[in-house]
S.K.: 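Handing you a structure now.
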There are 2 protein chains.
Amino acid sequence: MRSESREQVKALSLFGDMSEAAFERLLAGSYFQRFPAHVVLIREGDPADFLHVVVEGGVELFSDWRDRETTMSIARPVSTFILAAVIKDAPYLMSARTMEPSSILMIPSENIRAAMTADSAFSIAMVNELAVCFRGVVKAQKNIKLRTGVERLANYLLRLGAQQDDGGKVTIPIEKKTLASLLGMSPENLSRAFATLKPYGVDVDGAVVKFAANSDLKDFAKPTPLIDDPLA
Amino acid sequence: MRSESREQVKALSLFGDMSEAAFERLLAGSYFQRFPAHVVLIREGDPADFLHVVVEGGVELFSDWRDRETTMSIARPVSTFILAAVIKDAPYLMSARTMEPSSILMIPSENIRAAMTADSAFSIAMVNELAVCFRGVVKAQKNIKLRTGVERLANYLLRLGAQQDDGGKVTIPIEKKTLASLLGMSPENLSRAFATLKPYGVDVDGAVVKFAANSDLKDFAKPTPLIDDPLA
DNA sequence: TCCAAGACTTGACAATTATCAAGCCGAACC
DNA sequence: GGTTCGGCTTGATAATTGTCAAGTCTTGGA
């Protein structure tokens, strides 16, 4: 790995406080690489050879069964994916592909497991990262099981609004068909869901959606931190 | 805690290899208690004061939103629940109630976090437990998003068959309405789903369900280890 | 500039799932 | 024994969601 990249990686501080030597051992045999959009990085069922870290861009995690496919989540900088598979030395449960040109750091699984036994600060950092991931999936599961499609969309828009804060408008950062799959509906249904939200002050123009932050939409969506707050 | 209980707890080996002293510190201020059926142990949104361990019986983890409720998972001996909340010192994302008379070990969250910083074997045990939990939710999420209700039921029956191995019949260990909620459908629909599976050799009599293990049902269900194998 | 591919939308229709209502049945209780 | 309650099932109906089939629009390339 180029030393320039090495510095960039170290700045991520994903791995807790590590000694210089431990850090060096961790990154031995790693790759830090740029990929174009729409490249499949890993396929579910494959052995977990590398821990992946999204440093730049965006990665879609998805799964298949028979002839169906669904988007499980979106990984944005800086976050790891498929950490659990690496730790358990088990097959990936999800596939991953870049949505845009992306920089990905790949660390050999063996290094991760070795660093955990060697460095307790590191294993604590892993516990924390995993706990965040776990709570993320639980929230997603609650979202799917407790809400209708339209309700999921409404809350998604509010979440976007909270993180973009662009004065009454948000820009959807992914393709609509990916969003549809993430929200657990067909693309056709997503279009209709937007239409359903029109009476609540939602106005769509391509990827740009206008709505008032404290509005009818919020009354309709009834967001709760236990599902919608990414930090809680 | 009675020393008898203490021995029982130590035998669980949930916590990796710990020194006697560390084990003692971990359990200080813990409770090991028997509860009757249908008692709410924790409520989502509450601060995570205790890590809970199901030692005997069965616990239903469920969530609410507005006037809806859904069963998220079933915790059986010996497993922890709400570990992630404890680690992050964050509110519980799920509520929990006993389904039957159950023995529950409750360890103060503070002890868990202290043990993690003090004992690296312990934090590695926590990483592993969390990784298993994470993969469990991911599988549940795939199950919900990729399959219809009938398909989820078929695969649930096959999973029961694999773990009970009672010669062509299984006994559903939970109430049908809980099962319906776990599978993401209404109780009425669960009844109909059983009826739909009749042509595949499924025969229901109360909680007892008969079907051949290598059968039409398996052809219909198309199970995959990446969703249905609890160990993978 | 034009074309081709694919994203997005809309309408018509079908499948799936939920809701409401009624009835059956077994367990718990008096 | 009789009664009540709640779990479970079934039928009828409604709501939700998915599928198929256009058609529009944008984008990228020839």
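Lettering follows sequence order; numbering is per chain, from 1. Since we're looking at a predicted model, the values are computed, not measured.
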S.K.: May I have the distance from Leu183(A) (atom CG) to dG18(D) (atom C1'), rounded to whole angstrom?
M.R.: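 So the two atoms are 16 Å apart, to the nearest Å.
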S.K.: Determine, stepwise, if the pair Glu69(B) / Lys145(A) fulfils salt bridge (charged side-chain N to carboxylate O under 4.0 Å, His left out).
M.R.: CA-CA 9 Å; Glu69(B) 178 184 305; Lys145(A) 289 188 78 178; over 6 Å; no
S.K.: Measure the distance from CD1 on Ile172(A) to C1' on dT9(C) and round it to the nearest whole Å.
M.R.: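 Roughly 14 Å, once rounded to whole Å.
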S.K.: Should the heavy atoms of other residues, nucleotides or ligands under 6.0 Å from CZ of Arg34(B) be counted, would the total exceed 12?
M.R.: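 Check passes, neighbour count above 12.
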S.K.: Measure from CZ on Arg192(B) to C1' on dA14(D) and round the result to the nearest Å.
M.R.: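 It works out to 12 Å between those atoms.
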S.K.: Looking at dT17(C), I'd like to know if its phosphate oxygens (OP1 or OP2) sit under 4.0 Å from a side-chain N or O belonging to Asn189(B).
M.R.: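 No, no such contact exists.
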S.K.: Identify whether any heavy atom of Gly206(A) sits under 4.0 Å from a base atom; if not, whether one sits that close to sugar-phosphate; answer base, sugar-phosphate or nothing.
M.R.: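 Contact class for Gly206(A): none.
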S.K.: What is the distance from CZ of Arg147(B) to P of dT17(D), rounded to the nearest Å?
M.R.: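 Spelled out: CZ on Arg147(B) to P on dT17(D) is 21 Å.
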S.K.: Between Leu153(B) (CG) and dT9(D) (P), how many Å, whole number?
M.R.: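 Checked: the CG to P distance equals 11 Å.
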S.K.: Between dC8(C), dA18(C), dG7(D), which nucleotide gets closest to the side-chain atoms of Glu175(A)?
M.R.: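 Selected nucleotide (nearest to the side chain): dC8(C).
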S.K.: Return the value, rounded to whole Å, for the distance between atom CG of Leu190(B) and atom P of dG7(D).
M.R.: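 Rounding to the nearest Å, CG of Leu190(B) and P of dG7(D) are 14 Å apart.
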S.K.: Looking only at side-chain atoms of Glu188(A), point me to the closest of dT10(D), dG18(D), dC20(D).
M.R.: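 The closest nucleotide is dC20(D).
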S.K.: Would you say that more than 12 heavy atoms from the other residues, nucleotides or ligands in this model lie under 6.0 Å from the CZ of Arg43(B), or not?
M.R.: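 No, CZ of Arg43(B) has 12 or fewer neighbouring heavy atoms, counting only those of other groups under 6.0 Å.
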S.K.: Write down the distance between CE (Met99(A)) and C1' (dG6(C)), rounded to a whole number of angstrom.
M.R.: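 Atom-to-atom, Met99(A) to dG6(C), this comes out as 18 Å.
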S.K.: Does a side-chain N or O of Lys176(A) approach OP1 or OP2 of dT9(C) to a distance below 4.0 Å, or not?
M.R.: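 Yes, because at least one side-chain N or O of Lys176(A) sits under 4.0 Å from OP1 or OP2 of dT9(C).
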S.K.: How long is the line joining NZ of Lys177(A) and C1' of dG6(C), in whole Å?
M.R.: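 Whole-Å distance recorded here is 8 Å.
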S.K.: Salt bridge between Asp228(A) and Arg147(A), side-chain N to carboxylate O under 4.0 Å?
M.R.: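 Yes, this pair counts.
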